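I'd like to ask you about the structure that follows.
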There are 2 protein chains.
Amino acid sequence: MTTPEEALPSRLERACAERGLKMTGQRRIIARVLSEAADHPDVEEVYRRAAAIDAGISLATVYRSMRLFEEIGIIQRHDFGDGRARYEEARGDHHHHLIDIETGEVVEFQDPELEAAVTRIARHLGFDMIGQRLEIFGRRIQRKGPETA
Amino acid sequence: MTTPEEALPSRLERACAERGLKMTGQRRIIARVLSEAADHPDVEEVYRRAAAIDAGISLATVYRSMRLFEEIGIIQRHDFGDGRARYEEARGDHHHHLIDIETGEVVEFQDPELEAAVTRIARHLGFDMIGQRLEIFGRRIQRKGPETA
DNA sequence: TTACTTGCAAAGGTTTTGCGACGTT
DNA sequence: AACGTCGCAAAACCTTTGCAAGTAA
């Protein structure tokens, strides 16, 4: 029994192929896991998801793939302050992250005014901006009834 | 021969004392090293500077102090993408960092418009902003003569 | 076939920790 | 005296890598 999605190469798999990478079974699966992820998994988590599809994938290969994918720019690495790298597919859009300090939930956002400010600041300091990274740490505003403060 | 500055407790030393921490010689020296740092040293570098003042300080103690100081909020930890934590004293001011990707130089900056945008974004997403962190990676704009492009 | 990729296990770099001794309060 | 702190060395963690075997092109 073959699941239908195995037939369609993932966005990342296509990106790999375009760059002439050898498409091994492992690479394909890791690419698919990343393409299908809606969150920001760490390496261990990518490994878990990949191993669930094919147990014959080693952690070393996942590490190697993440590094490779990042180097060729098809995924992005993030640091959300928990000591390990977190990844997501590099789609075209430029966005930042707001991390809920109570749940760890990550919300992505984008803001033109912010972009403008950052570009302006870099130029003002005498730099061409190559990259940027903003994380906001916050706590969800509760709008329950009044608590006896 | 006693250097005059040994007599004056550093800003961080005072902050420690205020919170009732035991002021050991090591703690005092590490606090002073951090208070006097104008850059963003990593733990190894703080260790080097502290050991230069008193060789009887261990790396473990520096690690323990950094963690402690960070927990009580008197220093700030940063990640500039080089794999280890970098620190600076938490002065009152809120600022961000621009990292020169060619030299590693770190420029601090502050910008009201940026702050306003970030606060607005957090609120708009339904969060109270607890903290934020922005790093811009850039390359210095050269204004030499035209190069044969 | 050839060059790239893999798995395994060992090693690397950073940070933490158990423990007995020591120092501050 | 009591408790926190220290140094040392071991270990925990995440990540990288050497090597021999396997595989895509």
Side-chain angles (χ1 to χ4, degrees), chain A residues 6 9 12-34 40-48 50-51 53-72 74-87, chain B residues 9 12-34 40-48 50-72 74-87:
Chain A
E6 272 183 27
L12 281 182
E13 184 180 337
R14 272 180 275 124
C16 287
E18 274 169 28
R19 286 159 225 247
L21 294 188
K22 268 188 201 173
M23 288 317 292
T24 64
Q26 294 92 328
R27 202 107 98 191
R28 228 181 291 274
I29 289 175
I30 295 168
R32 179 142 68 90
V33 164
L34 289 166
H40 305 77
D42 59 23
V43 173
E44 201 71 45
E45 179 61 27
V46 173
Y47 171 59
R48 251 178 257 123
I53 299 176
D54 174 355
I57 287 185
S58 75
L59 185 56
T61 295
V62 177
Y63 268 106
R64 278 193 272 240
S65 300
M66 304 308 274
R67 179 198 254 277
L68 177 65
F69 290 177
E70 195 205 347
E71 277 171 5
I72 65 180
I74 63 178
I75 64 174
Q76 275 188 295
R77 182 176 32 172
H78 298 291
D79 162 46
F80 294 154
D82 50 4
R84 56 238 140 97
R86 312 269 299 264
Y87 295 88
Chain B
L12 281 181
E13 184 180 337
R14 273 180 273 122
C16 287
E18 273 167 27
R19 285 158 225 245
L21 295 188
K22 266 189 200 171
M23 289 316 293
T24 64
Q26 293 92 330
R27 201 105 99 192
R28 227 182 291 273
I29 289 176
I30 294 168
R32 179 142 69 89
V33 163
L34 289 166
H40 306 77
D42 60 23
V43 173
E44 201 71 45
E45 179 60 27
V46 173
Y47 171 59
R48 251 178 257 122
I53 301 178
D54 175 354
I57 287 184
S58 75
L59 185 55
T61 295
V62 177
Y63 268 107
R64 278 193 272 240
S65 300
M66 303 309 274
R67 179 198 252 278
L68 177 65
F69 290 176
E70 195 204 345
E71 276 171 4
I72 64 179
I74 62 176
I75 64 174
Q76 276 189 294
R77 183 176 31 172
H78 298 291
D79 162 47
F80 294 154
D82 50 4
R84 56 238 139 97
R86 312 268 301 263
Y87 295 89

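Since this is a predicted model, take the numbers as computed values, not measurements.
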| request: Mark up nucleotides 16-25 of chain C, 5' to 3', with B wherever a protein heavy atom is under 4.0 angstrom from a base atom, S wherever such an atom reaches only the sugar-phosphate, and - elsewhere. | output: BBB----BBS
| Nearest heavy-atom neighbours spanning H78(B) and H40(B) | CD2-CD2, 4.3 Å
| task | Measure the spacing between CD of E13(A) and CD1 of I29(A) and express it to the nearest 0.5 Å. | result | 10.0 Å
| query | Rounded to whole angstroms, how far apart are CZ on R86(A) and P on dT15(D)? | reply |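 From R86(A) CZ to dT15(D) P: 11 Å.
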| request: Round to a whole Å and report the spacing from CZ of R84(B) to P of dT15(C). | output: 9 Å
| message | On DNA chain C, compare the nucleotides closest to S65(A) and Y87(B); which residue's is nearer the 5' end? | response |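 Looking at the nearest nucleotide for each, S65(A) comes out on the 5' side.
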| note | Looking only at heavy atoms, the pair that brings Y47(A) and L59(A) closest together is CE1-N, 3.5 Å
| For the helix from dT1(C)-dA25(D) to dT25(C)-dA1(D), what is the angle between the axes at its two ends, each from 5 pairs, rounded to 10°? |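 The two end axes of the helix from dT1(C)-dA25(D) to dT25(C)-dA1(D) meet at 40°.
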| Nearest-Å distance for atom pair CD1/P, residues I72(A) and dT5(C) |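 Nearest whole value for this atom pair: 10 Å.
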| field | Shortest non-hydrogen contact from I74(B) toward A15(B) | value | CG2-CB, 3.8 Å
| message | Rounded to whole Å, how long is the line connecting atom CD of E70(A) with atom P of dT15(D)? | response | 11 Å
| Could you give the CE-to-P distance, from M66(A) to dT17(D), as a whole number of Å? |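 Spelled out: CE on M66(A) to P on dT17(D) is 17 Å.
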| note | By side chain to side chain contact (heavy atoms under 4.5 Å, CB included), T61(A) pairs with (sequence neighbours left out) Q26(A), I30(A), S58(A), S65(A)
| request: Check salt bridge (charged side-chain N to carboxylate O under 4.0 Å, His left out) between R86(B) and all other residues, then give those that pass, not counting sequence neighbours. | output: D82(B)
| message | Test of understanding: with salt bridge (charged side-chain N to carboxylate O under 4.0 Å, His left out), list the residues that count as partners of E70(B), not counting sequence neighbours. | response |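 Checked E70(B) against salt bridge (charged side-chain N to carboxylate O under 4.0 Å, His left out); matches are R77(B).
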| query | Rounded to the nearest Å, what distance is computed from the CD1 atom of residue I57(A) to the P atom of nucleotide dT5(C)? | reply |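 Roughly 15 Å, once rounded to whole Å.
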| request: Could you tell me the separation between the OH atom of Y47(B) and the P atom of dT14(C), rounded to a whole number of Å? | output: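 Nearest whole value for this atom pair: 14 Å.
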| Close side-chain approach of F69(B) to L34(B), heavy-atom, < 4.5 Å |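 Heavy-atom side-chain distance check passes, below 4.5 Å.
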| I29(A) CD1 to dT5(C) P: how many Å, rounded? | 16 Å
| query | What residues form a salt bridge (charged side-chain N to carboxylate O under 4.0 Å, His left out) with R14(B), not counting sequence neighbours? | reply | none
